[in-house]
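Read the structure below first, then the notes.
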Amino acid sequence: MFHSLTRKWFFVGTPALLLIVLSGTFFLFRGLPTPASAHNAPAPTTLGAAAALKGRTFGAAMTSNVLSDTQYSNVLSTEFTGTTPGNEMKWDTTEPTRNTFNFAPADAIVSFAQSHHMTVRGHTLVWHSQLAGWVSSITTGSDLLQAMKNHIAGEAGHFKGKVVSWDVVNEAFNEDGTRRASPFEQLIGDNYIAEAFKATHVADPHALLCYNDYNIEGINAKSDAVYAMVKDFKAHGVPIGCVGFQSHFIVGQLPTDIQANLQRFAQLGVTVQITELDIRMPVPASSADLQQQATDYKNVVAACLAVARCNNITTWGVYDGDSWIPQFFPGYGAALLFDENFQKKPAYNAVFQTLIGHK
Ligand code: G3I
């Protein structure tokens, strides 16, 4: 009897034990958070902690001039687990004169992030906007290609190991899916994008390399063009690892196929990220718009959670007092999760509840 029980345990128990050991090993090797129930972790109370339970980073863009604002830096470091420099890693700041680099403002952000255990998305190496003035005096493709590669080597080399990802190329497409006539496109041609990814990979082989753009969150002519480029890059060994969907939305006007679109990109074998999320509305904000904004934010977060390869959601700023919207869209604002007084908005609660799995 004892013998047969032991044998039974051996046959039933051994696979069970193996399963337990293997699943523990799986979590260890993947670096994934173990389920909360496994170690009785306290319930999350912040966006970052809630997102971590789902294996995601929840970030916010920041600028170096707010580091002295203690209320701002407290909310940022408490609620968010990632950050993106809003302007400090752009070409006009980092290489204002050819081959003379200035990383001080971005270094301040990286060091703030490191001291608060936050990851950093590098933004951005090649973009037609906030480009140093000297670049426009270049007249040949070969010279511009050389300048671009030197810029990437200098900047991505400086931040090697300190950023988890790079927006290597930003906003290279028009709404109809044609290429934007940036200086890079005009002098070097379509190939500048692949060249930029290759150069970044050489400078920082472990960083996740992203193409980042706006109005590509739903399925449309622009996202189709980006999709075709990513597919082509994957087929030809160009080291693209990710697509960033900026997600600058207007309240009540989000595409309904965000999840399907993220999924089709993920199926190409790239990570997908929500990189600059904000949802603007006419100000002063009405309570109906604030409720609709909560629904809209919830839908974006739910779309990301539904796609396994969507691992980062970043809002473009921390609070409504620190947003690009009022300057660029007069009459609009209130686009973020915290209001002008750092109070949590309905959208904050909707995002939090969605992250922890409640409606
Ligand atoms: O640096 C000057 C300063 O010297 C001057 O006193 C001040 C006066 O307005 O302007 C400062 O420059 C501003 C710059 O941000 C740095 O603060 C510009 O006016 C302002 O237009 C610029 O705006 C940035 C914008 O990109 C430019 O395109 C926003 O802060 C930044 O949030 C925004 O971010 C972009 C992403 O990089 C890409 N996707 C879209 C997103 C929103 O536009």
Side-chain angles (χ1 to χ4, degrees), residues 61-64 83-98 101-103 105-106 109 120-138 141 143-159 163 165-175 177-201 203-204 207-216 222-223 225-226 229-230 233 238 240-248 273 275-278 314 316-317 324 327-328:
M62 68 178 290
T63 49
S64 54
T83 193
T84 307
N87 291 302
E88 292 76 356
M89 289 185 176
K90 292 171 180 174
W91 197 319
D92 59 351
T93 297
T94 56
E95 197 186 356
T97 305
R98 190 164 186 171
F101 290 91
N102 167 30
F103 298 121
I109 289 182
V120 179
R121 298 193 75 261
H123 174 83
T124 172
L125 294 168
V126 181
W127 189 28
H128 65 277
S129 183
Q130 290 175 285
L131 188 54
W134 60 267
V135 178
S136 60
S137 64
I138 293 178
D143 195 17
L144 184 54
L145 184 59
Q146 195 186 2
M148 185 188 83
K149 287 182 176 177
N150 189 58
H151 178 70
I152 290 172
E155 179 158 5
H158 177 81
F159 292 107
V163 300
S165 60
W166 269 112
D167 289 335
V168 176
V169 176
N170 197 41
E171 301 174 6
F173 286 84
N174 296 315
E175 299 304 291
T178 57
R179 297 290 176 107
R180 183 192 292 275
S182 70
F184 306 102
E185 180 67 30
Q186 287 181 307
L187 283 185
I188 304 170
D190 286 0
N191 200 35
Y192 85 88
I193 302 183
E195 290 296 328
F197 276 87
K198 290 177 192 166
T200 311
H201 184 62
D204 188 351
L208 181 68
L209 305 188
C210 308
Y211 174 77
N212 192 52
D213 213 329
Y214 60 89
N215 287 352
I216 59 166
K222 190 174 185 178
S223 65
V226 176
M229 178 186 75
V230 174
F233 281 7
V238 177
I240 190 167
C242 145
V243 175
F245 300 81
Q246 293 186 9
S247 306
H248 295 294
Q273 303 189 332
T275 52
E276 304 183 13
L277 178 59
D278 52 26
T314 294
W316 204 242
W324 68 296
Q327 185 194 347
F328 285 77

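This structure is a prediction, so every number in the text was calculated from the model and none was measured.
- The line from CZ of F173 to OG of S182 is 11.0 Å long, rounded to the nearest 0.5 Å.
- Of the possible donor and acceptor atoms, none in the side chain of T63 sits under 3.5 Å from a partner among the backbone N and O of G86.
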Please determine whether side-chain contact (heavy atoms from CB on, under 4.5 Å) holds for the pair K222 and N174, giving the CA-CA distance in whole Å, both sets of side-chain angles, and the decisive distance to 0.1 Å.
CA-CA 7 Å; K222 190 174 185 178; N174 296 315; over 6 Å; no

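- Here D143 pairs with R98 in a salt bridge; the nearest charged N to carboxylate O distance falls below 4.0 Å.
- Classification of the H123-W127 ring pair by plane angle, with boundaries at 30° and 60°, yields tilted.
- When the options Q130, K90, H128, Q246 are evaluated for a side chain to side chain donor-acceptor pair (under 3.5 Å) with N170, the one that passes is Q246.
- Between A196 and V126, the closest heavy-atom pair is CB-CG2, 4.1 Å.
- Between I188 and E195 there is no side-chain heavy-atom pair separated by less than 4.5 Å.
- In this structure, T275 OG1 and L277 CG are separated by 9.0 Å, a value rounded to the nearest 0.5 Å.
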Are F159 and W166 close enough, and set up right, to give a side-chain contact (heavy atoms from CB on, under 4.5 Å), and what steps lead you there?
CA-CA 10 Å; F159 292 107; W166 269 112; 4.1 Å; yes

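- Atoms CD and CD1, from E88 and I109 in turn, are 3.5 Å apart once rounded to the nearest 0.5 Å.
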Result block: side-chain N/O donor-acceptor pairs under 3.5 angstrom for residues 145-157, not counting sequence neighbours:
| from | atom 1 | to | atom 2 | distance (Å) |
| --- | --- | --- | --- | --- |
| N150 | ND2 | N99 | OD1 | 2.9 |
| H151 | ND1 | E95 | OE1 | 2.7 |
| H151 | NE2 | E155 | OE1 | 3.2 |
| E155 | OE1 | T94 | OG1 | 3.0 |

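- In plain terms, the two heavy atoms of P96 and N102 that are nearest each other are CD-CB, 4.4 Å.
- When all heavy atoms of V169 and T124 are compared, the closest pair comes out as C-OG1, 4.3 Å.
- Distance CG/L131 to CG/D92: 8.0 Å, rounded to 0.5 Å.
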After noting the C-alpha distance and the side-chain angles of I240 and L209, does the key distance pass the side-chain contact (heavy atoms from CB on, under 4.5 Å) rule?
CA-CA 5 Å; I240 190 167; L209 305 188; 5.7 Å; no

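- With T93 contributing its side chain and M89 its backbone, the two residues share no donor-acceptor pair below 3.5 Å.
- Taken to the nearest 0.5 Å, the CD atom of Q186 stands 10.5 Å off from the CG atom of L144.
- Smallest separation of non-hydrogen atoms from A132 and W91: CB-CD1, 3.7 Å.
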Run the side-chain contact (heavy atoms from CB on, under 4.5 Å) check on T314 and Q273 step by step: do they pass?
CA-CA 8 Å; T314 294; Q273 303 189 332; over 6 Å; no

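- Taking the six-membered ring where the residue is Trp, the centroids of Y214 and H248 are separated by 6.0 Å or more.
- Within the model, atoms CD1 of I216 and CG of N212 stand 7.0 Å from one another, a figure rounded to the nearest 0.5 Å.
- Contact record, C210 with G244: CB-N, 4.4 Å, taken as the closest heavy-atom pair.
- A donor-acceptor pair under 3.5 Å is formed between the side chain of Y211 and the backbone N or O of A172.
- Residues A61 and W316 come closest through the heavy atom pair CB-CE3, 3.4 Å.
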